[in-house]
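Input: a single structure, listed below in structure tokens.
No experiment lies behind these values; they were computed from the predicted model shown.
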Amino acid sequence: MSELRQDPTTREWVILAPERAKRPQQGPKKKRGADIPAWDEKCPFCLGNEGRTPPEVLRLPLSKRTSKWSVRVVPNLYSALNPDGENNKGMSGDFFRHREGIGVHEVIIETPSHNTPMALMPYEHVEEVLAAYQQRYNALKANRQLKFITIFKNHGWSSGTSLIHPHSQLVATPVIATFYNRKFDVAHDYYVDVASCLYCDLLAEELERGERIVAETKHFAVFHPYASHVPYETWIIPKEHRASFGLSPPTHLAELAMVLRDSLLCLYRGLNNPDFNLMIDTSTTEDEKGPFYHWHIRILPRLSTVAGFEMGSGIHITTAMPEDTAARMKQIANSCAGGECISFKQEG
Ligand SMILES: [Zn+2]
Ligand SMILES: [Zn+2]
């Protein structure tokens, strides 16, 4: 039986239709991690090929004594945006609004290893990647022209990635994407009505109900949202209210690394290394201390392709119930080996 559900954070409708998962599927078998070499001489992100990227803007660890690196951040060689612009904007005629394509586009090379996806990295390494995200976010927000900084990751060909080497991207722009404007508006309206944060209240209700909670640690919760846009959509949300990822305490990054790695490992094990998109949804740089928005991470596995109905109507048809997939994630975590999925096995 299918059900229409409204996403409380965007007011978008989603159709949950688990029956549709039984449709026969055809398609090519995808290349999986086991076939990928640890080093590829043609890959610009591999160890020893550092000269093939623009000069790095950050390298971790920071120590100059070692030539080894674990994470590098470099400007995107094929950036869609220009960092040195005048922020010129205007109208031509009555309809055609334009502005110069200023902004920053960077690549976070997550590891020197060509074939170690984040799902298989040690916790400490994921923490270094998160530290790199946060350091670049906080460095770029000093530029007041950049109003919005989004950090995201595409894993696998169908997610839109063009390079297999594990990497994430950061895009900083003077404009805010419509999708996020919508999220900010919904959260702001709620705040005006109720005088509290939509996400704090939503998380409290999810924790009380428990049916979509995958894991809970001291400072974070992992859950599958009520109106999931795709099967196994996974959210990681901090329990303490903060609008901006940039202001998340660095002392929480080790714990965040654990829940993030464990979320990705469960998806890797349970869904055979699926393609996915990951986004850090954070406030604008001007509203970082605001009371109404609350940063979080969304992971969207790419288990099916977006078809005409979704493209045209904006209504997603999701072929699994989040209550069922959340339960499945817990089963996967419990079947992982002793040292794996530690953060999912502990009680909050
Ligand atoms: Zn590589
Ligand atoms: Zn909040």
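- Remark: R302 is not positioned above the aromatic ring of F276, lacking an NZ or CZ atom under 6.0 angstrom from the ring centre and at most 45 degrees off the axis.
- Residue M329 holds its CE atom at 8.0 Å from OG1 of T325, rounded to the nearest 0.5 Å.
- Taken to the nearest 0.5 Å, the CD1 atom of I236 stands 7.0 Å off from the CG atom of L264.
- A side chain to side chain contact (heavy atoms under 4.5 Å, CB included) with V71 holds for exactly one of H125, R59, Q135; it is H125.
- Of all heavy-atom pairs between K68 and P61, the closest is O-CD, 4.4 Å.
- In this structure the side chain of L198 never reaches within 4.5 angstrom of the side chain of H294, judged on heavy atoms.
- Using a 4.5 Å heavy-atom threshold, the side chains of N154 and H167 count as separate.
- For the pair R261 and Y123, the cation sits on the ring face: its NZ or CZ lies under 6.0 Å from the ring centre, inside 45° of the axis.
- The one candidate from K239, E255, H252 that meets the side-chain hydrogen bond (donor to acceptor under 3.5 Å, both in side chains) condition with T217 is E255.
- Taking CZ of F184 as the reference point, atom OG of S283 lies at 6.0 Å (rounded to 0.5 Å).
- For the atom pair S263 OG and M118 CE, the distance stands at 11.5 Å (nearest 0.5 Å).
- I297 and I280 get closest at one heavy-atom pair: CG1-CG1, 4.1 Å.
- The nearest pair of heavy atoms linking S343 to D262 is OG-OD2, 2.6 Å.
- A donor-acceptor contact under 3.5 angstrom links the side chains of S244 and E288, judged on distance only.
- Here M121 contributes atom CE and L265 contributes atom CG; the two are 12.5 Å apart, rounded to the nearest 0.5 Å.
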